[in-house]
Amino acid sequence: MPITFKKTVAVLEGVCAVEDAEGLLAWLQSHPRGKVNLKRFEHLHTAVLQVLMAASPTISAWPEDPDLVQWLRCVGIPGGT
Amino acid sequence: MNPLLAEFITETRELLERVSQGFLVLERNPGDAEALNGLFRGMHTIKGSSGIFEELGSLTRLVHAAEDVLDGVRQGQQQLTPEGADIFFEILDQVATWVDELEASETLGPGAGEASVQLVRRLRQWASGGGGRAEAKPGHEAPRETDALPSQESGENNEGVRELPWAAEVPEALRREWFRAAAEGAGRPVVVTYTPDEACFFAGDDPFHTVRNAPGVAWGTVQAREPWPDLGELDPYRCVLEFRLVCTAPEGEVEEWFRYVADQVRVETVVPSAWVRPTGEPSDPEPFGAFVHDAREWARGGRWENLRRAVGTALGVAGPELLSASALRWLDTVLATSDPDPGLVEWLIECVARGEVPPEGRQGEAGRPSGAGVSAGEPAETGGSGTSPAPLGDGHPDLVAAAVEILEAQRTLLASPVDPGIRRGVLRSVARVAESVLIGVGQTEVAARVSAALKASQTQGGGEPLREVLQDALAPLAAGLAGPEEDEAPSQTPAKKPEGPVPEPGGNGGQKVRVLRVDQARIDALMDLVGELVVAKNALPFLARKAEDVFQVRELAREIKNQHAVINRIAEELQGAVMQVRMVPVSHTFQRFPRLVRDLSRKLGKKVRLLMEGEETEADKNVVEDLTEPLVHLIRNSMDHGIEPPDERLAAGKTEEGEIRLRAVQLDDQVLIEVIDDGRGMDPEHLKRKAYEKGILSEERLDTITDQEALHLIFAPGFSTAPQVSNVSGRGVGMDAVRAMVDRVGGSVAVESEPGRGTCIRLSLPLSMAVTRVMIVEVGGQMLGVPIESVVETVRVPADGIHRIKGRETVVLRDRLVPLCRLGRVLALGRETADGRDEEAVLVVQVGGNELGLVVDRFHEGVDIILKPLEGILAGFRLYAGTALLGDGRVLLVLNLRELVACL
């Protein structure tokens with residue numbers, strides 16, 4: 001499972017596939033103030049990206065890949081460090 | 001069928017109609033921002049709702065592409081040329097075909113994907129093929145002309161996209177780098193806009209993966225095409241994203257990368273100057289005053305070196321986050337190229353001078369509200385009249401609206417046929433009303449013209465001059481009314497998300513019309529019930545008579561009659577109300593004709609203007625729907641035979657542009673539909689000859705036929721004057737079809753024509769087909785109904801007044817010879833001959849222009865009935881138009897007189 005749901009943070013790791021979108025969406029719905037940790041993920045499927053854009057949760061940690069950060073910044077996901 | 005799909009089909013049809021009208025308006029008046037926005041909205045809605053259905057991918061993609069290109073038009077990057085409009089119309093037709101297919105089989109036909117891709121490709125080709133790119137605009141030429149040094153690179157640099165509304169989103173350093181590289185000939189970055197299909201996840205696509213790994217991707221962003229819904233309503237598996245990326249790899253390589261999603265991707269090169277856009281905080285330009293002064297001087301003299309040094313100095317004092325500083329950095333970059341573009345330099349200096357991006361920026365510059373050409377309502381122009389709309393009734397909209405209504409009514413009055421005896425009076429009253437109203441709303445200028453027009457109208461005997469004045473007066477008034485709404489939409493759209501779809505504030509929410517969409521079957525069921533009620537109600541008088549005659553209770557009989565009167569009134573009102581529901585304006589049918597005329601005039605190489613009047617006239621839905629086909633034939637006929645080619649028109653002293661007028665007027669319980677052209681008219685002699693040649697007219701008839709009758713020859717099946725069959729007309733079926741339809745709904749058709757002046761074809765159709773009035777006659781104990789509109793008179797003819805001429809019984813009535821037909825014999829209902837009666841009851845009817853006397857036993861009253869067509873095996877008995885239920889429960893057979901005559 002590339003997404004680990006903790007109490008207030010969803011940690012995305014590795015490659016998030018299309019089927020993870022639904023789980024993430026459900027979690028974000030039930031945790032309106034939940035944060036998302038992107039520290040160690042490499043790629044997320046467009047569907048997951050879409051969920052992140054729609055929910056625009058607080059990002060508790062940005063990924064290491066600068067190229068990825070550039071893409072995600074443009075997404076308009078606020079917060080984080 | 002899935003109710004959602006059914007809804008989609010109806011809605012899309014309506015939208016297509018509206019969009020196609022929008023294109024027509026736009027083609028005539030390219031600056032009409034309202035039309036442009038309207039059709040953009042329409043396209044957008046179609047696309048949006050089609051996205052709900054997975055199987056409609058081809059449709060969605062096609063409409064999306066169209067919307068995309070339209071967006072370019074809306075932002076002024078592209079002009080809508082006739083060629084472009086042709087493609088758009090083809091797209092609309094394609095979508096309409098698909099909608100038909102959907103209705104029939106709930107899925108798109110097998111070739112849909114291919115057709116979609118083809119059209120998208122052609123559309124893109126047109127859009128990128130210089131089909132009116134913005135360089136044609138004057139603003140760009142200006143700086144060039146003032147400059148004596150033509151830029152060598154300019155030719156090459158002009159290829160590609162000139163405006164990138166989102167350029168400012170890209171970090172300045174990146175843009176400067178691209179600009180520098182491109183200006184030095186090191187290759188230009190490629191801009192990719194990738195709009196994944198909504199169902200792409202199901203096809204296994206991961207667009208984000210695709211773009212992240214695109215060759216040479218230097219920058220990218222992703223946006224939602226529509227506002228995000230609440231999380232609860234979000235469908236994570238419907239892709240609504242749009243990616244934009246800039247790749248530094250060669251265009252071919254990028255295209256290769258996206259080849260599997262080629263229909264969802266736009267790959268474009270960009271002119272270097274599109275990247276030039278200062279960003280940063282607007283600031284007080286004061287500190288740069290001296291620099292700006294010198295810089296302008298040097299720029300004018302082309303002394304780039306001096307300028308560049310000054311830029312360097314100015315940069316040293318400017319706060320780097322200021323917009324002025326950004327402009328200076330750009331200046332530095334531009335000046336560093338081997339051959340700086342003077343226009344660009346001047347514009348950048350202007351940016352420094354103002355401390356912000358000038359609103360009237362350099363031509364083609366991204367990000368400025370570039371819709372200037374199309375935004376902002378222009379009510380005065382749309383009216384098409386030279387009259388200034390300024391003194392518009394002191395701006396009181398209610399007053400103006402009332403004035404428009406009154407003037408419209410006057411125009412309708414002028415248009416309706418009037419008895420010559422009261423013609424003058426009508427003209428006078430129209431003139432007086434118009435004059436007062438116009439003065440009332442401050443249109444004194446036009447008002448002053450009224451009395452002159454009245455004189456002209458009276459001497460001519462027609463209402464034309466007055467109508468023209470009214471037309472002139474109405475145009476600015478109506479435009480003034482429409483004005484306030486026009487301003488909203490354009491101004492807010494380009495600013496935020498110019499590429500993607502724009503949420504439409506006020507588009508759907510505000511103007512919701514309180515209209516119910518009801519299945520026609522339900523209305524029909526209601527109508528049937530009303531019919532039954534009418535029949536049941538008609539039974540009451542019988543009951544009253546019975547009460548009196550059989551039960552001898554006169555009191556009760558009177559009560560029943562009173563009650564009958566009340567129920568009768570309610571039933572009639574109910575019937576009227578239901579009929580009102582079925583009434584639709586003829587505009588439903590009319591609205592498709594502008595398109596038809598446009599297409600035909602392009603095909604035939606004639607210039608034709610279509611004027612439509614009285615579109616709001618209402619008639620029964622079935623009548624209006626049936627009207628379409630005959631009108632298509634009539635208009636084709638006018639276009640092909642009536643209107644002359646432009647040179648011939650000029651030679652005849654007419655305006656180059658022909659005119660076809662389509663007019664609907666309600667007259668009592670009839671709708672008159674007129675198709676009037678100002679073409680070459682028809683020559684009765686020519687028609688007679690042709691008809692004789694074709695064997696339609698016998699030799700004897702050729703001598704006796706009157707000119708008026710000759711004009712009616714055009715309705716004969718197989719008749720055509722066209723020397724050869726074209727794809728527009730000439731097969732001789734069209735006009736025949738017109739008459740067939742008119743006959744079917746119980747109307748009539750008249751032709752007037754004047755050689756050299758034009759032709760008028762007038763269809764008179766019943767307002768409503770739901771209720772028919774028939775006259776009841778009795779033959780051999782059987783009741784028969786005869787449609788009242790065919791009845792000329794009822795007479796009693798003495799037996800010795802009947803003569804046999806050429807083996808047929810005839811009677812002379814008021815110096816007319818009327819052939820007789822004994823219904824009893826023809827229908828095998830009893831009496832064979834006049835067996836010793838000294839008087840015959842004759843119902844004189846008119847069928848197809850000829851009179852015929854029907855000999856019957858007895859006349860009865862006329863009744864309103866609801867005619868039910870014969871069904872099942874009885875449907876073959878064409879002699880009867882249908883049946884109806886009488887008040888006392890008997891079934892009435894209604895004769896189809898035309899068929900009867902044909903059988904004689």
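Chain naming here is simple, since letters A, B, ... match the order of the sequence lines and numbering starts at 1 in each.
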Practice task
Can you see which heavy atom on B/Pro236 is nearest to which on A/Ala21, and at what distance?
Solution key: CB-CB, 4.1 Å
Completion exercise
For A/Thr46 and B/Phe201 the tightest heavy-atom approach is CB-CE2, 3.6 Å
Exercise for the section: Please report the C-alpha distance between B/Phe208 and A/Val48 in whole Å, then the side-chain angles of each, then the deciding distance to 0.1 Å, and finally whether the side-chain contact (heavy atoms from CB on, under 4.5 Å) criterion is met. Expected result: CA-CA 10 Å; B/Phe208 188 40; A/Val48 184; over 6 Å; no
Practice task
Below 4.5 Å from any heavy atom of chain A, which atoms of B/Val240 appear? Answer side chain, backbone, both or neither.
Solution key: both
Exercise for the section: Check whether any side-chain N or O of A/His45 sits under 3.5 Å from a backbone N or O of B/Asp205 as a donor-acceptor pair, and report yes or no. Expected result: yes
Problem - Any donor-acceptor N/O pair, A/Gln50 side chain to B/Arg238 backbone, under 3.5 Å - result: yes
Exercise for the section: Return the orientation label for the B/His209 and A/His43 ring planes: parallel under 30°, perpendicular over 60°, tilted otherwise. Expected result: perpendicular
Exercise for the section: Can you tell which part of A/Leu44 gets under 4.5 Å to a heavy atom of chain B, answering side chain, backbone, both or neither? Expected result: both
Problem - Side-chain heavy atoms of A/Val18 within contact of B/Asp206, under 4.5 Å - result: no
Handout entry: side-chain contact (heavy atoms from CB on, under 4.5 Å) between A/Met53 and B/Leu241, worked out
Key = CA-CA 10 Å; A/Met53 287 172 74; B/Leu241 299 180; 3.6 Å; yes
